[in-house]
Amino acid sequence: MKTKLLAVVSVIATLFATLAATSACFWWLYQPEEPSSLQDR
Amino acid sequence: MENLARSIANKISKKLGYDDEKTAVIAYGLIGLFQFIIILCACALIGLVFGFFWEAMIIFWGAGLLRRVMGGAHSSGFYSCLFISVVCICILAYICSLIKVYSDSFYFLLAYLVIYAAAFVIVYKLAPVESPNKPIKESKRVRLRKKALMTLGIFAILTVAQWIINNLCDFKFYISCALTVSVMWQTFLLLPAGKAFVSAADRIFNAGKHTK
């Protein structure tokens with residue numbers, strides 16, 4: 001059950017990271033350093 | 001909060017056997033998710049208490065969608081971002097809630113048109129403004145500028161359509177004022193003045209943090 005929950009969190013976080021990668025920046029004012037694997041998107 | 005995101009990402013990666021790069025992507029996504037949820041909940045709550053919920057939501061979504069394609073000035077840390085975002089959204093939403101009843105006048109339509117015309121010129125010339133933490137390639141720059149102009153166009157159409165509907169029908173609703181304010185705010189953040197404003201707000205927030 002815990003593993004399933006962690007897998008769901010990981011999918012949501014990856015989806016959000018990919019959405020952020022295809023845009024100019026995050027939702028509002030703070031932009032953390034982008035992981036290198038997302039930089040060519 | 002960033003440390004919490006990284007520790008959750010590490011926990012997930014350990015349990016599911018992910019490598020370092022995948023862990024960094026999850027941590028990056030979680031930081032974004034936390035930022036989004038906290039700003040949304042704070043603005044919704046303050047808006048509900050003080051009576052400007054819809055204006056706050058329009059500015060939150062409007063400026064957020066524009067920011068995704070335009071970029072703009074950035075704050076130095078997670079908490080200063082939360083502070084500046086929530087304070088600015090709430091102040092702008094409060095002002096909108098006060099003036100929205102006058103927004104059916106012709107002078108407002110004139111002001112909207114001037115603001116959108118200026119925003120189109122500024123976006124065409126400056127967008128997207130990148131952050132050192134997220135460099136933008138030239139091909140992506142062109143794509144984002146196109147999307148920014150399209151989004152701005154849709155906002156302009158919605159603003160004018162709402163003004164016309166309110167003046168023709170008995171049914172009244174007010175989105176144009178908050179939508180135009182979100183365009184104004186986001187366009188301001190593309191300018192050097194916007195960068196100076198965010199830096200100053202950052203300094204005030206950090207000074208307040210250090211005096212505690």
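Below, chains carry the letters A, B, ... as their sequence lines are ordered, and counting in each starts from 1. Everything numeric here is computed off the predicted structure, so don't read it as measured data.
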K.L.:
Name the region of B:I31, side chain, backbone, both or neither, that has any atom closer than 4.5 Å to a heavy atom of chain A.
P.N.:
both
K.L.:
Where does B:S75 contact chain A at under 4.5 Å (heavy atoms): side chain, backbone, both or neither?
P.N.:
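Contact with chain A is through both the backbone and side chain of B:S75.
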K.L.:
Report the distance from atom CD1 of B:I12 to atom OG1 of A:T3, rounding to the nearest 0.5 Å.
P.N.:
11.0 Å
K.L.:
Search all heavy atoms of A:A24 against all heavy atoms of B:M70 and return the closest pair with its distance.
P.N.:
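Minimum heavy-atom contact is CB-C, 4.1 Å.
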K.L.:
Measure distances from B:I26 to the heavy atoms of chain A and classify the residue's part below 4.5 Å as side chain, backbone, both or neither.
P.N.:
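It is both, since atoms from each part get that close.
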K.L.:
State which residue, out of A:L15, A:V9, A:I12, fulfils the side chain to side chain contact (heavy atoms under 4.5 Å, CB included) condition with B:L33.
P.N.:
A:I12
K.L.:
With rounding to the nearest 0.5 Å, note down the distance linking CD1 in B:I8 to OG in A:S10.
P.N.:
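Reported to 0.5 Å precision, the distance equals 12.5 Å.
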K.L.:
Has B:K22 got more than 12 heavy atoms of other residues, nucleotides or ligands less than 6.0 Å from its NZ?
P.N.:
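Check passes, neighbour count above 12.
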K.L.:
Do other residues, nucleotides or ligands put more than 12 heavy atoms under 6.0 Å from B:D19 CG?
P.N.:
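Yes, CG of B:D19 has more than 12 neighbouring heavy atoms, counting only those of other groups under 6.0 Å.
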K.L.:
Where on B:V69 is there a heavy atom nearer than 4.5 Å to chain A: the side chain, the backbone, both, or neither?
P.N.:
backbone
K.L.:
Answer with side chain, backbone, both or neither: which region of B:L65 has an atom nearer than 4.5 Å to a non-hydrogen atom of chain A?
P.N.:
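Both backbone and side chain of B:L65 come within 4.5 Å of chain A.
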K.L.:
Is it the backbone or the side chain of B:F36 that comes under 4.5 Å from a heavy atom of chain A, or both, or neither?
P.N.:
side chain
K.L.:
What heavy-atom pair brings B:Y28 and A:E33 nearest, and what distance separates the two atoms?
P.N.:
CD1-O, 3.6 Å
K.L.:
I'd like to verify something: which residue of B:V25, B:I136, B:L30, B:L144 has the highest number of heavy-atom pairs under 4.5 Å with chain A?
P.N.:
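Result: the option with the highest number of such pairs is B:V25.
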K.L.:
Sort out for me which of B:G32, B:G71, B:P128 touches chain A most, counting heavy-atom pairs under 4.5 Å.
P.N.:
B:G32
K.L.:
Could you check whether atom CE of B:M184 has more than 12 heavy atoms from other residues, nucleotides or ligands sitting under 6.0 Å from it?
P.N.:
no
K.L.:
At a 4.5 Å cut-off on heavy atoms, which part of B:S76 comes close to chain A: side chain, backbone, both, or neither?
P.N.:
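Just its backbone gets close to chain A.
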K.L.:
From B:R68 CZ over to A:T22 OG1, what is the distance, rounded to the nearest 0.5 angstrom?
P.N.:
5.0 Å
K.L.:
Distance check, rounded to the nearest 0.5 Å: B:K147 atom NZ versus A:S23 atom OG?
P.N.:
8.5 Å
K.L.:
Might you confirm whether atom OH of B:Y94 has over 12 heavy atoms from other residues, nucleotides or ligands at distances under 6.0 Å?
P.N.:
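Check fails, neighbour count at 12 or below.
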K.L.:
Hey, is CZ on B:F50 packed in by over 12 heavy atoms from elsewhere, all under 6.0 Å?
P.N.:
no
K.L.:
Checking A:L19 against chain B: side chain, backbone, both or neither under 4.5 Å from a heavy atom?
P.N.:
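Answer is both: backbone and side chain atoms of A:L19 are under 4.5 Å from chain B.
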